[in-house]
Amino acid sequence: MTKHDLNYSYYPGCSLHASAREYDESTRGLFHALGIGLVEVPDWLCCGATPAHNVDELLSLSLCAKNLALAERVAGDLAVACAACFSRLKATQHHLAESETKRRQVEYAIDGEVSFAKPVKHLLEILATDLGLDRLAAAVRKPLAGLRVACYYGCLLTRPPEVPQLDCVEAPTIMERVIGAAGAATVAWSHRLECCGANFTLSRPGVVLKLSGDILASAKRAGADCLMVACPLCHGNLDIRQKEIEEATGNRFGMPVFYMTQLLALAVGVAPSKLGFDSMIVNPLPLLREKGLV
Amino acid sequence: MKHTKMQLSTETMNLGFVRKVEALSGSSVRRCFQCGKCSAGCPMRSFMEHPPNRIVRLLQLGQYERVLAGRSIWYCASCETCTTRCPNKVDLAAIMDALRKCSWDARGPSKESLVQLANRLFLDNIRTYGRQYEMRLAAVFNLRSGKLLKDFMLGPTLLTRGKLKMFHRKNRNIGEIEKIFSRIEELRKKGEAP
Amino acid sequence: MSRIGVFVCHCGENISRTVDVEKVAAEAARLPGVSYACDYKYMCSDPGQSLLKKAVAEHGLDGVVVAACSPRMHEKTFRSAAKSAGLNPFLCEMANIREHCSWVHEDREEATAKASDIVAMMVARVKKDKRLVPITVPVTKRALVIGGGIAGIQAALDIADAGHQVVLVEREPSIGGHMAQLSETFPTLDCSQCIMTPRMVDAANHPNITLHTYSEIESVDGYIGNFQITVRKKARSVIEERCTGCGICSAKCPQKKIPNSFDKNLGLRPAIYVPFPQAVPNTPVIDRANCTYFRSGKCGVCQKVCGPGAIDYGQEDSLIVEPVGAIVVATGFELYSISEKPKGSPIKGYGEFGHGTIPDVIDGLTFERLASASGPTGGKILRPSDGKEPKQVVFVQCVGSRAREKGISYCSKICCMYTAKHTMLYRHKVHDGQAYVFFMDARTPGKNYDEFWRRAVEEEEAVYIRGMVSRLYQKGDKVVVMGSDIAVGLQVEIEADLVVLATAVQPRTGADTLAQKLGISYDRYNFYSEAHAKLKPVECATAGIYLAGACQGPKDIPDTVSQASAAAAKVMTLFAKSELEREPIVAKVNERTCVACLYCRKVCPYGAVEEKELRDRQGNLIRVVAYVNPGVCGGCGTCQATCPSKSVELDGYTDEQIMAMIESL
Amino acid sequence: MHGHKEKHAFEPKIVAFVCTWCTYAGADLAGTSRLQYPANTRVVKFPCTGRIDPVFILRAFQKGADGVLVSGCHPGDCHYMAGNFHARRRFAAFRQLLDFIGVDLNRLQFSWVSAAEGGKWVEVVTELTERVRAMGPMPEFRELEAEECWSGAIDTPELKEAYETIP
Ligand SMILES: Cc1cc2nc3c(=O)[nH]c(=O)nc-3n(C[C@H](O)[C@H](O)[C@H](O)COP(=O)(O)OP(=O)(O)OC[C@H]3O[C@@H](n4cnc5c(N)ncnc54)[C@H](O)[C@@H]3O)c2cc1C
Ligand SMILES: Cc1cc2nc3c(=O)[nH]c(=O)nc-3n(C[C@H](O)[C@H](O)[C@H](O)COP(=O)(O)OP(=O)(O)OC[C@H]3O[C@@H](n4cnc5c(N)ncnc54)[C@H](O)[C@@H]3O)c2cc1C
Ligand code: SF4
Ligand code: SF4
Ligand code: SF4
Ligand code: SF4
Ligand code: SF4
Ligand code: SF4
Ligand code: SF4
Ligand code: SF4
């Protein structure tokens with residue numbers, strides 16, 4: 001086996017350089033430990049996220065197309081960590097392949113060609129399919145035994161059905177399969193696919209309190225120790241706002257919200273100090289200590 | 001307007017607007033048979049005055065002012081639940097996008113100026129820096145929305161956890177990014193893009 | 001003294017496991033009248049049956065009881081065994097000691113005692129059994145079809161094609177019914193006339209079909225296989241055999257301004273007319289109420305111009321008697337009209353829609369005539385009031401139907417589909433017109449039906465508005481429609497140029513009178529009742545009478561034709577034998593004691609009870625009694641339990657038989 | 001299941017009048033399904049409950065039945081369309097008569113058991129058996145001139161009315 005038989009270009013997205021710093025750090029740590037190569041796309045720009053497609057589809061498509069063009073400079077399929085960026089980038093390829101007019105407009109805007117050839121892959125897909133669950137399981141040094149995880153998909157990892165094609169749109173199991181390979185137990189719960197309030201976090205935090213509150217309550221009901229997410233937006237709403245939600249609803253959750261890469265990296269033996277547990281608002285260390293994982 | 005009766009005729013039904021929404025969204029409006037499944041699963045339904053199915057219904061009747069006057073479209077979280085589950089493949093999420101664009105372009109009488117403002121700042125950020133800097137976004141939003149105290153408590157917490165970058169710099173390729181914005185504006189001016 | 005044989009079966013171990021079969025046989029042997037009793041491993045097997053036959057012969061048995069399984073299982077088997085042993089099969093009974101005993105009880109003692117009781121009951125019964133002979137009725141292989149719409153035509157053609165004679169009776173001057181009035185038909189949009197006319201001609205030309213148009217059923221006598229039908233041929237004033245259908249009479253008739261009801265009064269016709277150009281037969285009829293000659297004795301133009309001399313002003317109604325073996329009723333439906341509701345309609349009226357006073361409010365059938373290429377406007381959609389092309393047309397569904405408190409609770413079943421069709425036809429003819437439909441829901445459960453409706457909405461851009469209409473009123477030359485869109489939650493107002501009401505499908509006026517003549521039952525709306533909603537959907541409870549088409553309930557053409565062919569198949573099944581044989585379980589009246597109260601007639605679900613006049617030799621009426629027609633009686637026994645003077649008895653279940661069982665307890 | 005079976009001091013005699021098409025077949029089904037029920041019932045088969053003359057019920061009581069069951073098709077499912085409907089009307093009036101004579105109406109049970117309801121047959125029979133067992137033997141029943149009684153009963157206003165309303 002060569003040092004890296006899997007190599008990817010990497011689009012972290014804005015959040016991973018700021019509020020989701022621990023997602024970025026743990027991703028790099030995990031991939032390094034698994035021997036997967038990851039090279040950041042130079043000069044990538046914001047994908048436009050929800051606000052762009054919300055009001056200006058052409059802009060949204062153009063920003064994403066530009067990023068795809070930039071990614072061409074690095075070898076390997078494009079690995080994306082953020083579910084929102086993943087969704088936008090994939091949707092762009094999908095819509096532009098369907099509409100000749102839109103493609104021409106976009107190509108004019110970015111002054112270049114749209115790259116349809118570059119496969120856009122979410123980290124989950126890379127772990128579950130490209131690497132494979134067997135190899136992932138083989139790499140586990142510290143099984144997450146005893147940890148009951150509620151896997152939270154949110155909206156954009158699976159929807160709309162024809163875009164991400166990651167897993168069954170209404171009953172996905174990819175997160176459960178991946179974290180299961182690391183020895184964790186997963187709970188069956190009702191709000192896996194409900195919306196957390198997404199980008200209303202800025203303009204209408206009340207919405208987030210309600211929707212994310214329901215999600216936390218559902219996970220708690222199912223007996224989960226913690227939540228696992230694959231999207232910085234979800235993380236922001238469920239972790240950063242958790243205290244506020246507790247105040248608003250009068251419920252106590254105390255539910256650490258991990259990025260999936262944090263838990264996996266922990267399992268494959270990356271030092272906990274390198275996984276940004278200290279940046280989480282709901283302190284996960286008591287739980288991890290209790291389970292003998294740190 | 002809100003509760004006045006609908007006078008239906010070929011004149012009062014703005015079908016041109018409907019066709020525009022259909023073109024922008026790439027989704028048929030007429031296919032909808034008002035089953036209500038979209039509204040049944042919409043996480044934002046309780047915040048909207050027109051549930052998603054009614055938005056489509058008003059569109060079918062060409063009631064364009066009634067749709068844009070409401071705040072429903074600004075409360076859509078783009079979660080795609082409706083689109084995913086619609087039995088008729090009505091792409092409601094895309095229709096919502098299209099409606100917001102229409103309202104945005106018209107700088108129309110949206111009641112949800114806060115969401116509009118957040119969107120606007122977000123896009124401005126991209127144009128100026130190339131990437132999103134959450135600290136700046138939040139700070140400017142608070143300043144401009146007059147909600148100075150909003151999230152006041154969160155700011156310091158996040159800073160101490162290293163979650164907000166106080167300092168940021170522009171992308172090296174900021175020139176190329178500006179070009180995208182201006183070229184899109186140019187296309188629109190020439191009427192070559194919606 | 002009777003000589004009964006009792007045969008107790010082990011059924012392998014199924015019975016003998018819990019029932020002491022030897023003991024049962026031994027106890028049976030002691031019962032009075034039993035001269036032979038035995039037990040055997042498998043009574044239904046060949047050796048078991050031979051055992052029975054041998055015993056009948058050797059012991060001269062005059063009745064047998066087989067104590068074994070349920071009669072529903074093997075009664076036929078043992079009765080035919082008895083028959084081949086020379087015993088009347090109705091003198092063989094079964095005692096059910098398996099399903100009703102050994103299988104449901106565990107205690108051997110109790111089960112054995114119960115088995116003995118059951119045997120004793122059946123022995124008591126068989127002693128009172130009478131020899132019965134299966135009833136045979138000859139079958140006249142000739143069918144009557146009443147009503148010449150698509151249902152009647154289809155049924156008549158199917159039966160005639162099978163080689164049987166058919167008499168087709170149609171009330172109007174031409175066959176064709178409603179389908180002849182339609183423009184194009186859902187779900188395929190093929191032209192109604194184009195598919196209908198050839199069938200009409202086939203029916204008229206078929207060597208096995210006798211057509212009586214402008215005729216009605218005067219009376220019906222007899223029963224299955226043997227009906228006598230009297231047909232009243234109304235005076236046409238035209239001798240059918242002479243008329244060549246040249247049409248000169250109609251062309252020359254000076255009375256030309258009579259509203260043509262075939263065209264829903266939108267067009268005009270002369271006093272001597274055929275209802276529509278493709279009419280079958282193409283023989284005119286004089287509308288005596290509007291003919292000058294009949295009103296004042298003057299004119300006579302038609303007679304003068306008619307070359308073959310076919311006009312006969314003196315013609316009178318004639319009565320024809322037709323013997324038939326089976327009847328298919330196919331008299332179709334009528335549409336409720338908001339202005340002139342059919343007599344006896346349960347609908348309370350539509351004052352809120354103007355009671356028919358707004359000229360541009362029409363019904364679905366009128367719209368069909370407007371859209372029909374052979375209609376009064378040549379297929380142009382022009383509104384009645386001023387002949388202008390309407391640009392905004394509002395369709396209103398469920399008018400009269402599904403409005404329990406307005407009179408009718410049922411769904412008319414066809415109007416959702418034909419309204420969708422109307423919006424399409426309208427769009428095809430008036431490209432810049434807009435169709436609106438007020439509806440509660442679209443009921444489109446048929447092959448390619450929902451797709452058809454969706455096409456109207458999605459491709460032909462009909463605006464469907466969920467919600468009923470509250471009121472219609474005239475405003476200038478517009479009709480204002482006040483409705484609401486319940487999805488939006490707002491009132492809707494449309495100033496329409498034309499409003500089309502999908503009014504309720506109702507039975508024919510007078511459907512009940514015909515039913516009474518036929519002795520068939522009908523529901524509270526006058527739709528004819530099938531014998532069983534699921535398993536006998538084309539049979540009437542009255543044997544030998546079958547239903548086809550919309551007379552049984554609202555139906556579209558595919559359903560109508562299916563039912564018509566099914567009815568025809570039933571008729572052919574009946575005609576497959578020249579004699580009918582049926583179980584002789586029928587009621588008989590004791591004429592000596594019957595007091596003619598006719599309670600029995602009231603309760604009989606089959607209409608089997610008739611009045612019979614008893615006369616002396618001179619023919620003087622002595623008295624009237626009830627008479628049960630064995631061809632019709634279904635054998636339920638309700639009459640017997642009802643008769644206050646105990647004058648009617650059901651063979652096979654006589655009071656004697658039942659009492660014997662009870663008393664043996 | 002061969003559990004301990006109680007022996008009772010009193011075993012009532014039950015007569016069941018059933019129609020061929022529904023209840024008789026339902027009882028057959030109980031058999032083919034091997035359901036278990038008390039062995040006290042004796043079945044008399046009729047084409048239809050419409051054939052069941054109340055006199056039979058009287059006679060059964062006279063002949064020592066402690067309980068009587070009348071069972072046929074569910075309303076609307078009658079093989080003969082309306083037989084059970086007439087039966088229902090007739091028995092409504094008849095119950096009053098029985099009551100008048102002094103028969104405890106708890107000894108007479110009417111029910112609907114379809115050909116598919118083997119389980120229901122078992123329930124009905126078991127329940128009636130247990131109820132009648134608890135009531136004890138039927139008191140000595142004075143001989144009635146059944147015919148008279150019945151022909152008299154047809155003229156009760158209830159029955160008259162019942163028949164007037166038959167369509
Ligand atoms: C507006 C409208 C549009 C429709 N469009 C469609 C369509 O597009 N597709 C479709 O599948 N269906 C359609 N239908 C339904 C269709 O008309 C019926 O299914 C069909 O006509 C039923 O045929 P029928 O023979 O049972 O009855 P009818 O057509 O009513 O025929 C009955 C015949 O019996 C005669 N008759 C009545 N009483 C007597 C009597 N006492 N003695 C002798 N003769 C008698 C009548 O004169 C008539 O000729 C439509 C109906 C309406 C009202
Ligand atoms: C949940 C449900 C509830 C319903 N309730 C009602 C109701 O209340 N009232 C009502 O009127 N209707 C009801 N229906 C509808 C009713 O079940 C159908 O109308 C009816 O069963 C159709 O009968 P069928 O003989 O056409 O088809 P089926 O019942 O499907 O019979 C077809 C038979 O053909 C056999 N077969 C199939 N392929 C082959 C082959 N290649 N070779 C040999 N044999 C083959 C099958 O094994 C089967 O036995 C209901 C249906 C459903 C699903
Ligand atoms: S789910 Fe689709 S068809 Fe149903 S109401 Fe919503 S948009 Fe219309
Ligand atoms: S995309 Fe918008 S309208 Fe659709 S379900 Fe999500 S929030 Fe509701
Ligand atoms: S003119 Fe005589 S032959 Fe000609 S259609 Fe009239 S009646 Fe018949
Ligand atoms: S006699 Fe009567 S039918 Fe004949 S032409 Fe004169 S008006 Fe017409
Ligand atoms: S078919 Fe449709 S329009 Fe007609 S009564 Fe039924 S629901 Fe109403
Ligand atoms: S598909 Fe079934 S449930 Fe739906 S409308 Fe048709 S019949 Fe009713
Ligand atoms: S009920 Fe009896 S008495 Fe009355 S008419 Fe019928 S048979 Fe005769
Ligand atoms: S037995 Fe039934 S069907 Fe026959 S005559 Fe009597 S009531 Fe009518």
Side-chain angles (χ1 to χ4, degrees), chain A residues 14-15 17-21 42-46 48-59 62-63 66 70 87 95 98-99 105 108-111 154-156 158-161 163 169-170 193-195 197-200 202-207 210-211 240-241 244 276 278-281, chain B residues 24 26 43-44 46-47 75 77-81 83-85 91 93 96-98 100-101 103-104 112 114-120 122-123 125-126 130-135 137-138 141 145 150-151 154 157-158 161-165 171-173 176-177 179-181 183-184 187 192-194:
Chain A
C14 306
S15 306
H17 277 196
S19 60
R21 162 176 90 71
D43 295 327
W44 58 267
L45 49 134
C46 176
T50 311
H53 80 83
N54 238 335
V55 293
D56 195 338
E57 193 198 18
L58 182 53
L59 177 62
S62 302
L63 294 173
K66 180 71 189 174
L70 290 168
S87 165
H95 290 314
E98 282 195 340
S99 164
Q105 290 162 356
Y108 179 77
I110 65 168
D111 198 9
C155 318
L156 299 177
T158 54
R159 289 178 201 139
V163 176
V169 61
E170 294 291 1
L193 298 164
E194 296 300 302
C195 175
N199 69 326
F200 284 108
L202 188 60
S203 51
R204 286 285 173 204
V207 168
K210 165 83 177 82
L211 300 184
I240 301 178
R241 293 215 179 261
E244 256 183 289
D278 56 334
S279 347
M280 291 160 68
I281 304 292
Chain B
L24 274 173
M44 303 303 291
S46 51
F47 303 97
Y75 263 87
S78 301
C79 71
E80 308 260 5
T81 310
T83 298
T84 302
R85 298 196 180 138
D91 190 348
M96 289 291 197
D97 282 351
R100 280 183 293 253
K101 174 162 170 42
S103 174
W104 177 268
E112 251 330 291
L114 284 184
V115 183
Q116 290 240 38
L117 176 63
N119 283 342
R120 218 171 276 278
F122 193 96
L123 299 186
N125 250 358
I126 301 177
R131 294 188 190 161
Q132 217 42 256
Y133 291 97
E134 290 151 341
M135 179 70 178
L137 186 63
F141 179 81
S145 63
K150 189 163 170 285
D151 287 345
L154 274 181
T157 328
L158 295 185
R161 304 277 162 117
K163 289 220 159 200
L164 291 181
K165 281 191 183 170
N171 269 33
R172 280 187 308 169
N173 55 352
E176 284 176 43
I177 296 170
K179 194 163 120 191
I180 295 176
F181 278 84
R183 281 197 163 205
I184 290 178
L187 278 177
E192 284 170 16

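Chain A is the first sequence line, chain B the second, and so forth, proteins listed ahead of strands; every chain is numbered from 1.
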Of all of [options], which one pairs up most often with chain A through heavy atoms under 4.5 Å apart?
options: B/Cys79, B/Ala93, B/Ala193; answer: B/Cys79
options: B/Pro194, B/Ser46, B/Gly130; answer: B/Gly130
options: B/Leu187, B/Asn125, B/Thr83; answer: B/Leu187

With heavy-atom distances below 4.5 Å as the criterion, would you say the side chains of [X] and [Y] are in contact?
X: A/Glu170; Y: B/Thr84; value: yes
X: A/Ser62; Y: B/Ile184; value: yes
X: B/Glu80; Y: A/Cys155; value: no

Shortest non-hydrogen contact from [X] toward [Y]:
X: B/Arg183; Y: A/Tyr108; answer: NH1-O, 2.5 Å
X: B/Ala77; Y: A/Cys195; answer: CB-SG, 3.9 Å
X: B/Met44; Y: A/Phe200; answer: CE-CE1, 3.6 Å

Heavy-atom distances under 4.5 Å only: say whether [X] touches chain B with side chain, backbone, both or neither.
X: A/Asp278; result: backbone
X: A/Thr158; result: neither
X: A/Leu59; result: both
X: A/Val207; result: both
X: A/Leu211; result: side chain
X: A/Glu98; result: neither

Verify, without hydrogens or angle tests, whether [X] (side chain) and [Y] (backbone) share a donor-acceptor contact under 3.5 angstrom.
X: A/Gln105; Y: B/Glu192; answer: yes
X: A/Asp43; Y: B/Asn173; answer: no
X: A/Asp56; Y: B/Lys101; answer: no

Taking [options] one by one, which has the highest count of heavy-atom pairs under 4.5 Å against chain B?
options: A/Thr50, A/Leu45, A/Asn54; result: A/Asn54
options: A/Gly276, A/Pro51, A/Gly206; result: A/Pro51
options: A/Leu70, A/Ile110, A/Asp111, A/Leu156; result: A/Asp111
options: A/Ser87, A/Ala52, A/Gly48; result: A/Gly48

Value rounded to 0.5 Å, distance of [atom1] in [X] from [atom2] in [Y]:
X: A/Glu57; Y: B/Arg100; atom1: CD; atom2: CZ; answer: 11.5 Å
X: B/Glu176; Y: A/Lys66; atom1: CD; atom2: NZ; answer: 3.5 Å
X: A/Cys46; Y: B/Asn171; atom1: SG; atom2: CG; answer: 9.5 Å

Exercise. Is the NZ or CZ atom of A/Arg204 positioned over B/Tyr75's six-membered ring, under 6.0 angstrom from the centre and within 45° of the axis?
Worked result: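 Pair A/Arg204/B/Tyr75 does not count as cation-pi.
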| message | Report which part of B/Ile180 has an atom under 4.5 Å of a heavy atom belonging to chain A: side chain, backbone, both, or neither. | response |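 Contact with chain A: backbone and side chain both.
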For B/Gln132, is it the side chain, the backbone, both or neither that has a heavy atom under 4.5 Å from a heavy atom of chain A?
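Both backbone and side chain.
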